[in-house]
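Every heavy atom of this structure was used, including side-chain atoms; hydrogens, water molecules and symmetry mates were not. Numbers restart at 1 for each chain; the letters A, B, ... are given by sequence-line order, proteins then strands.
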There are 2 protein chains.
Amino acid sequence: MLEVLIYILHGAATSPFVRKAWIFLKEKELEFEHRQLDPLDKSERFLSMNPLGRIPVLEEADGNLISDSSVICDYLENIHPSPSLYPSDNRDRARALWFEEYADTLLTQVCAQVFWMHIIIPIRSGEPTDQTEVDAFRDKNYPGAFDYLEDMAPDGSGIVNNEFGIADISLASAVRLLDLAGAPLDADRWPRFNDYYQRVINRPSAKSIVDEELFATEVFRTTGEAPQYES
Amino acid sequence: MLEVLIYILHGAATSPFVRKAWIFLKEKELEFEHRQLDPLDKSERFLSMNPLGRIPVLEEADGNLISDSSVICDYLENIHPSPSLYPSDNRDRARALWFEEYADTLLTQVCAQVFWMHIIIPIRSGEPTDQTEVDAFRDKNYPGAFDYLEDMAPDGSGIVNNEFGIADISLASAVRLLDLAGAPLDADRWPRFNDYYQRVINRPSAKSIVDEELFATEVFRTTGEAPQYES
């Protein structure tokens, strides 16, 4: 049976969680359309998609909606098993899910704060980025976030068992916020992790979202708001 | 081959995430030993277990450590598939993981704040619980957290496809914080959800942690700190 697969990925491309789902879809070679959706827009239509009011939301051809990047990736892996993006060994799988959790929580919190300080706070406050504040934030939070990853960074593109997959997509999707903020990670301080990150973020799957990322970042930088939803 | 399975579950029993892993282990009929571990104790031993400094941590017989309740449950499901606690249908699975995420984020944040206001803030501040503050917090946050669950609540014990599993364990583990706080959910306001919650929390698997919960809650209430780790 031939299935025509059409997905719609809702959410602003600056979001690390939208990026994660986007790269995952691309690595699976699945066709999808992207639509902006402002995570701060708690409209009825959006909340009906996702009562937590978060992005991304994946819409299937029959209108079925799936929320949360981790749930979306797990679902896509199950219905499109090839190429597999989760380890088959149980302990490797647990390590991959652990890195996904690490990326989605601590790492995203740290990187998103830098994005806010550089891109959103200036337009909203009318004051330029306070570099002293940024430096203090980095001094306080980067070692806790990145020293561990420096120790774990692989020679290739797969942090778990040298096989590329969900862990790598999740980690790179968070760190990409620093590039979009115009404040990329210090490659001298975390060289192994940075090399690994560069390998992942330069894959065609990750390159394919760059135009959308830059557009959404520019909208944030100039208006202080996410791109508007276009229905 | 006969395997002797020995697990150690680390973490204070007041934590909804420790409770979730505990109930999951019990539903799988797996033997384990529980050890207190203070999530605020960022000791080297603990951080070596889990660089995010969070509980629970599951320790296997060979010393292998697995962090994060969602990762632990996924791992246990894979190595001990029966009884299955995740739906086999892909969309049902996505819905179950979505409820797990809902429980672990919004619902836990709301319920944990009530626990803090009733149990921890009074002993630390020396002032009784400010009931006006509690009421204001509930008025502001409960509808957003519980109205959705009231709509979704099943007649039985399985919120996804009427089959008990990870979603139900996660939701009940969060809401249990309200009981431990001495401020159970208003059954008149959310009757369907409360009935469902009562069915889940009265399963033998959930009853088996009550002594530990009450002990840990009493330690918090009288000292303002988690029970100390006993090694």
Next item on the list: Select one option (side chain, backbone, both, neither) describing which atoms of B/E60 are under 4.5 Å from chain A's heavy atoms.
Entry: side chain
Notebook entry, point to check: With only heavy atoms counted, which part of B/D74 is less than 4.5 Å from chain A, the side chain, the backbone, both or neither?
Noted result: side chain
Checklist line | Contact origin within A/S70 toward chain B - heavy atom pairs under 4.5 Å | finding: neither
Note to self: Regarding B/D168 and B/Y196, do their side chains bring together a donor and an acceptor under 3.5 Å, going by distance alone?
What the structure shows: yes
Margin query: Among A/I79, A/N78, A/I72, which residue has the highest count of heavy-atom pairs closer than 4.5 Å to chain B?
Written below: A/N78
Check: Distance-only, no hydrogens or angles: does the A/N161 side chain make a donor-acceptor pair with backbone N or O of A/E163 under 3.5 Å?
Finding: no
Check: Do other residues, nucleotides or ligands put more than 12 heavy atoms under 6.0 Å from the CD atom of B/E29?
Finding: no
Margin query: For B/R192, run the salt bridge (charged side-chain N to carboxylate O under 4.0 Å, His left out) check against B/D147, B/D151, B/D155 and tell me which one passes.
Written below: B/D155
Check: Pick from B/W190, B/F193, B/Y102, B/Y142: which one makes a ring pair (Phe, Tyr, Trp, His ring centres under 6.0 Å) with B/Y148?
Finding: B/Y102
Check: Of the listed residues (A/A96, A/A145, A/A94), which shares the most heavy-atom pairs with chain B below a 4.5 Å separation?
Finding: A/A94
Check: With a 4.5 angstrom heavy-atom cut-off, which part of A/R95 approaches chain B: side chain, backbone, both or neither?
Finding: neither
